[in-house]
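As structure tokens, the structure follows; a few thoughts come after it.
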Amino acid sequence: SFTLFNPRDTYRMSGGHVSNPKTAGENPQDGVVMNYYFPTAPDSSSVTLKIMDGNGKLIKSYTPKAKEKSSRMGLSKGLNQFAWNMRYADAEEFPEMILWAGGIDGPTAVPGKYSARLIVGKDSANVPFTILQDPRSDANLEDLQAQFDFVLSVRDKLTETHQGIKKIRNIRKQINGVNDRIKSNPAEEEIKKAGKEILDQLKTIEEALYQTKNKSGQDPLNFPIRLNDKLSGVGSGASAGDYRPTDQSIAVRDVLVAQIDQELTKLRQIVDKDLPAYNALVKSKDIPAVAVEEKENEEGGAEE
């Protein structure tokens, strides 16, 4: 019902690709190019392309309806082509995040054996492929593996940091929601005071992890970058070229990770200790889950 062709060996190198150039020939797509053929276009909800390492462990999945354009694969009758950029998944981000020093890109795969699996409904096809080292590079495989491990560790810590920031914002939103529902309630002052203590702690943690004043890409010129931005810069710097991370990069990463872990530990303490006490207080005061605000109409009666 479909065919997945074997990709040719691909060199681990960066390049440029511009579609429909006006004054020059068009370079081939960057990365490992997958060609696959459908006699008829299948249902988009039934198709997935999976990239796996030499041990069969999933690296990344792609679908026709992925939210990110870079994770979206073509799906039409006839021959289709998809290029894997040889990168592992990016770090998790949060809405309107702005970084200055680096990015959230996942690490580039090291040279070696990999495979792709195209799944269409209950059928699947598997093909092996090989990533080759750039012959111009003087690095050995151990150097590239050290680079991969370093960038992966940065990516994972950024994900953990950004998950913490999202958790902070979710807690803040819910506490503010409680405050909106307790207006004119006898327990309003007591509950707001307890909530403010938590909100103040969360604000301090969030501002240590991320520059919350950033609203545009140029704002970091005026507002100093915070821990997540500094760590992303170290990771992006170490991912450039084919080199083992320097001792200085490792030392700076370790310092930043230790500082991030201190803030995340404070967040866990709030979640494990302060929030349960706050929730118990709110519950004891019989605060309604949903409050309907009423106002006086022109005739003096109440209306919703």
Side-chain angles (χ1 to χ4, degrees), residues 1-42 44 46-66 68-90 105-121 123-149 151-152 155 239-244:
S1 59
F2 66 92
T3 303
L4 174 62
F5 297 94
N6 285 69
R8 65 183 181 183
D9 293 348
T10 306
Y11 285 100
R12 183 185 188 269
M13 56 188 294
S14 59
H17 173 81
V18 179
S19 298
N20 302 316
K22 304 302 181 183
T23 59
E26 182 176 349
N27 286 335
Q29 294 193 70
D30 302 333
V32 181
V33 178
M34 317 278 176
N35 293 291
Y36 48 98
Y37 175 84
F38 297 118
T40 58
S44 61
S46 68
V47 179
T48 303
L49 178 65
K50 294 185 176 182
I51 309 296
M52 293 161 289
D53 65 16
N55 297 317
K57 185 178 180 181
L58 180 66
I59 294 176
K60 197 169 182 181
S61 293
Y62 300 89
T63 64
K65 292 186 174 182
E68 297 180 3
K69 186 177 181 180
S70 61
S71 296
R72 202 176 302 149
M73 55 182 291
L75 190 66
S76 60
K77 177 182 177 180
L79 188 65
N80 295 263
Q81 192 173 84
F82 175 83
W84 177 47
N85 62 4
M86 294 183 282
R87 283 190 177 275
Y88 280 59
D90 296 340
D105 291 341
T108 303
V110 297
K113 303 292 184 180
Y114 296 84
S115 65
R117 177 182 299 160
L118 180 60
I119 303 171
V120 182
D123 297 327
S124 65
N126 295 271
V127 293
F129 62 88
T130 302
I131 295 178
L132 304 173
Q133 182 171 342
D134 187 339
R136 302 167 300 176
S137 171
D138 294 329
N140 56 40
L141 189 59
E142 289 75 19
D143 291 334
L144 298 179
Q145 186 65 52
Q147 179 188 47
F148 174 89
D149 293 340
V151 177
L152 186 67
R155 183 207 70 174
S239 67
D242 294 343
Y243 304 101
R244 174 184 292 272

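- In this structure a side-chain-to-backbone donor-acceptor pair under 3.5 Å is present from Asn85 to Arg87.
- Rounding to the nearest 0.5 angstrom, the gap separating the CD1 atom in Ile51 from the CD1 atom in Ile59 is 7.5 Å.
- The structure places CG of Asp30 at 8.0 Å from CE of Met86, a figure rounded to the nearest 0.5 Å.
- Side-chain contact check for Arg155 versus Pro107: some heavy-atom pair is nearer than 4.5 Å.
- Looking at Thr10 and Val33, their side chains never come closer than 4.5 Å, going by heavy atoms from C-beta outward.
- Checked against the 6.0 Å centroid criterion, the rings of Tyr36 and Phe82 do not qualify as a close aromatic pair.
- Between the side chain of Arg72 and the main chain of Ala66, a donor-acceptor pair closer than 3.5 Å is present.
- Looking only at atom types and distance, the side chain of Gln145 has a donor-acceptor partner in the side chain of Asp149 under 3.5 Å away.
- The CD atom of Gln81 lies 4.5 Å from the CG atom of Asn35; values are rounded to the nearest 0.5 Å.
- The closest side-chain heavy-atom distance from Met34 to Met73 is not below 4.5 Å.
- Enclosure of atom OH in Tyr11 is not indicated, since only 12 or fewer non-hydrogen atoms of other residues, nucleotides or ligands lie within 6.0 angstrom.
- Between Pro128 and Pro7, the shortest heavy-atom contact is O-CD, 3.9 Å.
- In terms of heavy atoms, Tyr37 sits closest to Leu79 at CD1-N, 3.7 Å.
- Atom NZ of Lys60 sits in a crowded spot, with more than 12 heavy atoms from other residues, nucleotides or ligands closer than 6.0 Å.
- When side chains are defined from C-beta on, Thr63 does not count as touching Ser71, because their heavy atoms never get closer than 4.5 Å.
- For the residue pair Leu141 and Pro111, the shortest heavy atom distance occurs at CD1-O, 3.9 Å.
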Criterion side chain to side chain contact (heavy atoms under 4.5 Å, CB included) on Asn126 and Ser115, from CA distance to verdict: CA-CA 7 Å; Asn126 295 271; Ser115 65; 5.5 Å; no
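- To the nearest 0.5 Å, the span separating CD1 on Ile119 from CG on Leu4 amounts to 11.0 Å.
- Put simply, the side chain of Ser239 does not reach to within 4.5 Å of the side chain of Asp105, judged on heavy atoms.
- Between Phe129 and Tyr114, the ring planes lie parallel to each other; the angle is under 30°, not in the 30° to 60° tilted range.
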Walk me through it: do Asp242 and Asp143 pass the test side chain to side chain contact (heavy atoms under 4.5 Å, CB included)? CA-CA 8 Å; Asp242 294 343; Asp143 291 334; over 6 Å; no
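- Heavy-atom contacts from other residues, nucleotides or ligands closer than 6.0 Å to CG of Asp138 number 12 or fewer.
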Verdict with supporting geometry, Asn80 and Phe2, side chain to side chain contact (heavy atoms under 4.5 Å, CB included): CA-CA 11 Å; Asn80 295 263; Phe2 66 92; over 6 Å; no
Derivation and outcome, side chain to side chain contact (heavy atoms under 4.5 Å, CB included), residues Thr108 and Arg12: CA-CA 8 Å; Thr108 303; Arg12 183 185 188 269; 3.8 Å; yes
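- Atom-to-atom distance recorded for Leu144:CG and Arg244:CZ is 9.5 Å, nearest 0.5 angstrom.
- Using a 4.5 Å heavy-atom threshold, the side chains of Leu75 and Phe38 count as touching.
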